[in-house]
Amino acid sequence: MLGLKLPTDPRWVNIVEKNIEDILTDHAFCEQKATSTAISLIVSFPEYTELVQEMVALVKEEISHFKMVHDLILEKGWTLGRDRKDEYVIALLKFFPKGGSRTTQLVHRLLYAALIEARSCERFRLLSEELEDKKLATFYKNLMVSEANHYTMFLGFARQYGDRKEVDKKWQDLLDFEAEIMKKLSKSETIHG
Ligand SMILES: [Fe+2]
Ligand SMILES: [Fe+2]
């Protein structure tokens, strides 16, 4: 349902299980970046009224996810660490050429956002099914549902604002590109690593 072309190697969960502090730190920053993305879309595309309205709601939701992860880190007696580079996102953002019309740029940003939500959702599902810590598994199950809705929303907006056929072709090409990136990943204790 997420359209992803390469499922995550389930052994990734074993790496995560040994490094809960690292995964929670990385995850906290993912939620922060999701919040920033929503704000940045409001700043860059103010005339897309429906998008602006949805992004306002998304800012609130993503920052509340950040708080949930942050609270969990504190509950475990830890302090939020520093952000690390997200190699996955850095590689992904090289796909579409820079420039183009405003609509083209918007569509590209929406497709990137849809894909990052989709992959996060897939990773959260895996955590919810495989983690031995049942409390943490439930935590990820709830978040998985939210991220699935975000994926649908971003892809829906891309199709709404761009040319439907063109957007669908770009989406498929981006999914192929992402699958290539994923072949080299699934080896570290980060949400997308
Ligand atoms: Fe989130
Ligand atoms: Fe999200």
Side-chain angles (χ1 to χ4, degrees), residues 1-4 8 12-13 16 20-45 48 50-76 80-81 83-93 95 106-129 131 135-161 171 174-175 178 181-182 185 189-193:
M1 151 257 175
L2 296 163
L4 299 171
T8 293
W12 168 77
V13 180
V16 169
I20 297 295
E21 188 172 359
D22 282 349
I23 193 80
L24 288 177
T25 303
D26 184 66
H27 181 182
F29 284 103
C30 288
E31 300 294 356
Q32 250 188 46
K33 285 169 202 159
T35 312
S36 310
T37 298
I39 294 174
S40 154
L41 284 167
I42 296 171
V43 172
S44 305
F45 300 96
Y48 290 81
E50 205 183 322
L51 177 72
V52 170
Q53 292 286 63
E54 287 298 326
M55 289 304 106
V56 171
L58 190 62
V59 168
K60 292 184 196 158
E61 195 182 343
E62 299 292 18
I63 203 69
S64 80
H65 291 170
F66 169 75
K67 181 167 164 45
M68 283 161 68
V69 184
H70 192 229
D71 286 347
L72 199 59
I73 289 171
L74 300 182
E75 219 178 276
K76 291 188 179 283
L80 178 61
D83 190 17
R84 280 197 289 177
K85 269 200 271 180
D86 191 331
E87 299 296 344
Y88 167 79
V89 174
I90 291 170
L92 193 67
L93 298 187
F95 184 67
L106 172 60
V107 164
H108 292 169
R109 284 175 65 178
L110 292 169
L111 291 179
Y112 282 141
L115 189 44
I116 295 167
E117 294 283 1
R119 182 57 76 183
S120 306
C121 178
E122 191 244 6
R123 290 280 169 104
F124 291 174
R125 182 184 51 76
L126 211 56
L127 293 174
S128 74
E129 289 171 0
L131 281 176
K135 196 182 155 205
L136 200 56
T138 310
F139 177 78
Y140 277 108
K141 190 169 183 192
N142 295 332
L143 283 177
M144 175 193 81
V145 178
S146 302
E147 308 309 350
N149 289 331
H150 301 163
Y151 148 77
T152 313
M153 175 186 63
F154 279 121
L155 190 56
F157 274 131
R159 286 172 170 155
Q160 180 182 333
Y161 294 136
W171 175 241
L174 182 62
L175 286 169
E178 198 253 4
I181 297 173
M182 286 313 292
L185 298 172
E189 57 290 299
T190 59
I191 295 294
H192 302 121

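Because only heavy atoms are used, hydrogens play no part in the values below, and waters and symmetry mates are left out as well, while side chains stay in. Counting starts at 1 for both ligands and their atoms, in listed order. Count residues from 1 along the sequence. These figures come from a predicted structure and were not determined experimentally.
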side-chain contact (heavy atoms from CB on, under 4.5 Å) evaluation trace for Met68 with Leu143: CA-CA 10 Å; Met68 283 161 68; Leu143 283 177; 4.1 Å; yes
Straight-line distance of His27 NE2 to Phe66 CZ, nearest 0.5 Å: 10.5 Å
Audit row: Tyr88, Glu178, side-chain hydrogen bond (donor to acceptor under 3.5 Å, both in side chains) steps and yes/no: CA-CA 9 Å; Tyr88 167 79; Glu178 198 253 4; 2.4 Å; yes
Separation of His192 NE2 from Trp12 CH2 (nearest 0.5 Å): 9.0 Å
Heavy-atom neighbours of Lys33 NZ exceed 12 at 6.0 Å: yes
CD1 on Ile39 to OG on Ser44, rounded to 0.5 Å: 11.5 Å
Contacts of the Fe ion (ligand 1) with protein N/O/S atoms, counting only those under 2.8 Å: Glu31 OE1, Glu62 OE1, His65 ND1, Glu147 OE2
